[in-house]
Amino acid sequence: MEVPREVLLVVSVLRGLGLRVFLIGARALAFYGIIRETGDWDLTIDRPFSVEVRDAVTRRLRDLGFLVQWRRWGFYVDAGAVHIDINYMPLTLDEEFINRSRALGDILVPSIEDLIILKLMSGEDKDVEDVKKLLRLSNLDTHYLLRRSRDAGVDKDLLRIARRVGLRIDG
């Protein structure tokens, strides 16, 4: 998977501020071999967006010539041909989430199971379709997935969608 230079530059800025950066959304699916067309790169960081974090990220990215706008879900970064969304830290991002993530250079990609949880939490139609595809991948840790879905309050959705794709998750 090739990551555009602009995305790597944004990641470098975030890491320079001491933040861990995670690739989420459709591009994270591609890491696991599931391709869905998307026009942007979705990232999240391992720290809540305090005023200090917001101001430091905004200042550094604008100094590099990027257009940065605050949205209700986080930052929108226009890097010319590349659009990057930096979303609020998900409630499920904890040490277990971090330890199960895989490295793509300086970017971390959540485990398949954690991507499923993030997409269930979103609840958008495209995310439900993504969950169906992710549930069909081999080597799912269904015990972890079920436990984390309960923690996130999306276990009923998980079990319903799993039944639709013919996957039995003991619950």
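If you're wondering where the values come from, they're calculated on a predicted model, not measured in any experiment.
Interatomic distance, CG of Leu104 versus CG of Leu108, reported as 9.0 Å (0.5 Å rounding). Taken from CG in Leu140 to CG in Leu146, the straight-line distance is 12.0 Å, to the nearest 0.5 Å. Separation of atoms CG (Leu118) and OG (Ser111) is listed at 9.0 Å; rounding is to 0.5 Å. Atom CD1 of Ile86 is separated from atom CZ of Phe49 by 6.0 Å, given to the nearest 0.5 angstrom. Interatomic distance, Ser101 OG to Leu115 CG, rounded to the nearest 0.5 Å: 8.5 Å.
The side chain to side chain donor-acceptor pair (under 3.5 Å) test applied to Arg164 returns no partner, not counting sequence neighbours. Listed by chain and residue number, nothing satisfies the side chain to side chain contact (heavy atoms under 4.5 Å, CB included) test with Glu2 (two or more places apart in sequence, or in another chain). Checked against side chain to side chain contact (heavy atoms under 4.5 Å, CB included), Val165 has the following partners two or more places apart in sequence or in another chain: Lys132, Leu135, Arg136, Leu167. Every residue two or more places apart in sequence or in another chain was checked for a side chain to side chain donor-acceptor pair (under 3.5 Å) with Thr92, and none qualifies. Judged as a side chain to side chain donor-acceptor pair (under 3.5 Å), and not counting sequence neighbours, the contacts of Gln69 are Arg71. Asp127 is linked by a salt bridge (Lys or Arg N to Asp or Glu O under 4.0 Å) to Lys119, counting only residues two or more places apart in sequence or in another chain. Asp141 is linked by a side chain to side chain donor-acceptor pair (under 3.5 Å) to nothing, counting only residues two or more places apart in sequence or in another chain. Applying the salt bridge (Lys or Arg N to Asp or Glu O under 4.0 Å) rule to Asp78 yields no partners; only residues at least two apart in sequence or on another chain are considered.
Annotation: side chain of Leu120 is in contact with side chain of Ile116 (closest heavy-atom distance under 4.5 Å). Contact check for Trp41 versus Val77: no side-chain heavy atoms found under the 4.5 Å cut-off. The side-chain heavy atoms of Leu23 and Asp42, taken from C-beta on, include no pair separated by under 4.5 Å.
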Would you give me the side-chain donor-acceptor pairs under 3.5 Å for residues 4-22, sequence neighbours excluded?
| from | atom 1 | to | atom 2 | distance (Å) |
| --- | --- | --- | --- | --- |
| Arg20 | NE | Asp46 | OD2 | 2.9 |

Donor-acceptor pairs are to be reported for all side-chain atoms of residues 52-64 against protein atoms at under 3.5 Å, with residues two or more places apart or in another chain.
| from | atom 1 | to | atom 2 | distance (Å) |
| --- | --- | --- | --- | --- |
| Glu52 | OE1 | Ser50 | OG | 3.3 |
| Thr58 | OG1 | Arg54 | O | 2.7 |
| Arg62 | NH2 | Val68 | O | 2.6 |

Donor-acceptor pairs under 3.5 Å, side chain of residues 29-38 to any protein atom, not counting sequence neighbours: which ones?
| from | atom 1 | to | atom 2 | distance (Å) |
| --- | --- | --- | --- | --- |
| Tyr32 | OH | Pro110 | O | 2.8 |
| Arg36 | NE | Asp130 | OD1 | 2.9 |
| Arg36 | NE | Asp130 | OD2 | 3.1 |
| Arg36 | NH2 | Asp130 | OD2 | 2.8 |
| Thr38 | OG1 | Asp40 | OD1 | 3.0 |

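Ring centroids of Trp73 and Tyr88 are separated by 6.0 Å or more, keeping the two rings apart.
Salt bridge Glu113/Arg100: present, at least one basic N to carboxylate O contact under 4.0 Å.
Note on residues 151-162: pairs passing side-chain hydrogen bond (donor to acceptor under 3.5 Å, both in side chains), not counting sequence neighbours, are Asp157-Arg160.
Between the Asp85 side chain and the Asn87 main chain, no donor and acceptor come within less than 3.5 Å of each other.
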